[in-house]
Participant: 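Mind having a look at this structure? Questions to follow.
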Amino acid sequence: MRRKTMEDVKKQNRSFEDGKVEETKALEAEASTLREKLKQLESELEVKTKEVNTSEANAVALSKQSEGFLLEYDRLLEENQNLRSQLQSLDLNFSRSISKKNT
């Protein structure tokens, strides 16, 4: 009777150990899969980070370029106004000189 009980206990113990081995293998496989996924995600993160840095640098460059264009536009407006004033002054002087010649 004891011998049979001992054999039953040994069988249960082997079954339990076999189940543990299978569970361990399954967990190791899952861990391996998760490590690969982690490497992939880290790689994607690195690529996206580089893209963000490049985009931010482009945004700063475009902002500075836009600022330069606005300054140039303001300068050209002022120059245009000065030239118009000079032209108006010349036209006025020319009109006066023609008037004097006619009189």
Side-chain angles (χ1 to χ4, degrees):
M1 185 89 166
R2 277 189 175 174
R3 201 177 272 177
K4 181 154 172 58
T5 305
M6 264 316 245
E7 287 177 16
D8 288 344
V9 168
K10 285 182 182 179
K11 283 181 186 177
Q12 286 178 346
N13 195 20
R14 275 188 231 133
S15 295
F16 180 73
E17 286 176 3
D18 289 345
K20 284 288 186 182
V21 168
E22 288 179 27
E23 184 180 349
T24 302
K25 286 181 182 178
L27 289 173
E28 287 174 354
E30 184 180 357
S32 176
T33 302
L34 290 172
R35 275 189 229 102
E36 287 298 318
K37 188 168 185 173
L38 178 62
K39 285 180 186 177
Q40 178 187 358
L41 290 173
E42 286 173 341
S43 175
E44 288 177 19
L45 176 63
E46 186 177 331
V47 168
K48 296 293 181 185
T49 300
K50 287 180 182 177
E51 288 176 2
V52 166
N53 290 339
T54 301
S55 295
E56 286 176 349
N58 286 341
V60 168
L62 288 173
S63 177
K64 288 180 181 180
Q65 184 180 26
S66 174
E67 187 178 315
F69 287 153
L70 285 173
L71 291 172
E72 180 66 8
Y73 179 75
D74 289 342
R75 186 192 67 77
L76 290 172
L77 279 177
E78 185 178 343
E79 184 178 336
N80 183 315
Q81 187 61 41
N82 290 337
L83 290 172
R84 285 178 185 264
S85 295
Q86 289 175 11
L87 181 61
Q88 187 178 17
S89 176
L90 289 173
D91 280 347
L92 194 61
N93 289 339
F94 183 70
S95 294
R96 285 183 189 158
S97 80
I98 289 179
S99 295
K100 288 181 182 177
K101 284 184 182 180
N102 287 338
T103 50

Participant: Determine, stepwise, if the pair S89 / N93 fulfils side chain to side chain contact (heavy atoms under 4.5 Å, CB included).
Facilitator: CA-CA 6 Å; S89 176; N93 289 339; 4.0 Å; yes
Participant: Just verifying a value: how many Å separate L76 CG and L71 CG, rounded to the nearest 0.5 Å?
Facilitator: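 L76 atom CG to L71 atom CG measures 11.0 Å (nearest 0.5 Å).
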Participant: Is the closest side-chain donor-acceptor distance between E36 and Q40 under 3.5 Å?
Facilitator: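 Short answer, no.
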Participant: With distance as the sole test, does T54 use its side chain to make a donor-acceptor pair with the main-chain N or O of K50 at under 3.5 Å?
Facilitator: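 Between the backbone of K50 and the side chain of T54 there is a qualifying donor-acceptor contact (under 3.5 Å).
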Participant: Above 12 or not: heavy atoms from other molecules or residues under 6.0 Å from CD of E78?
Facilitator: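 It does not: E78 CD has 12 such atoms or fewer within range.
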Participant: Taking atom CG of L62 and atom CZ of F69, what is their separation to the nearest 0.5 Å?
Facilitator: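 If I round to the nearest 0.5 Å, the distance is 9.5 Å.
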Participant: Going through the checks in order, is the side chain to side chain contact (heavy atoms under 4.5 Å, CB included) test met by K37 and T33?
Facilitator: CA-CA 6 Å; K37 188 168 185 173; T33 302; 5.7 Å; no
Participant: Taking everything shown except E51 itself, do over 12 heavy atoms lie less than 6.0 Å from its CD?
Facilitator: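 Atom CD in E51 is packed in, count exceeds 12.
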Participant: For the atom pair CD (E79) and CG (L77), what is the distance rounded to the nearest 0.5 Å?
Facilitator: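 Output value for this atom pair is 10.5 Å.
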Participant: Mind checking the CG-OG spacing from L90 to S95? Nearest 0.5 Å is all I need.
Facilitator: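 Going from the CG atom of L90 to the OG atom of S95 covers 10.5 Å.
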Participant: Give a yes or no on whether the backbone of Q81 and the side-chain of S85 come within a donor-acceptor separation of less than 3.5 Å.
Facilitator: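 Side chain of S85 to backbone of Q81: a pair is present.
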Participant: Does any pair with a residue in residues 57-72 pass side-chain hydrogen bond (donor to acceptor under 3.5 Å, both in side chains), and if so which ones, sequence neighbours excluded?
Facilitator: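 Non-adjacent pairs meeting side-chain hydrogen bond (donor to acceptor under 3.5 Å, both in side chains): E72-R75.
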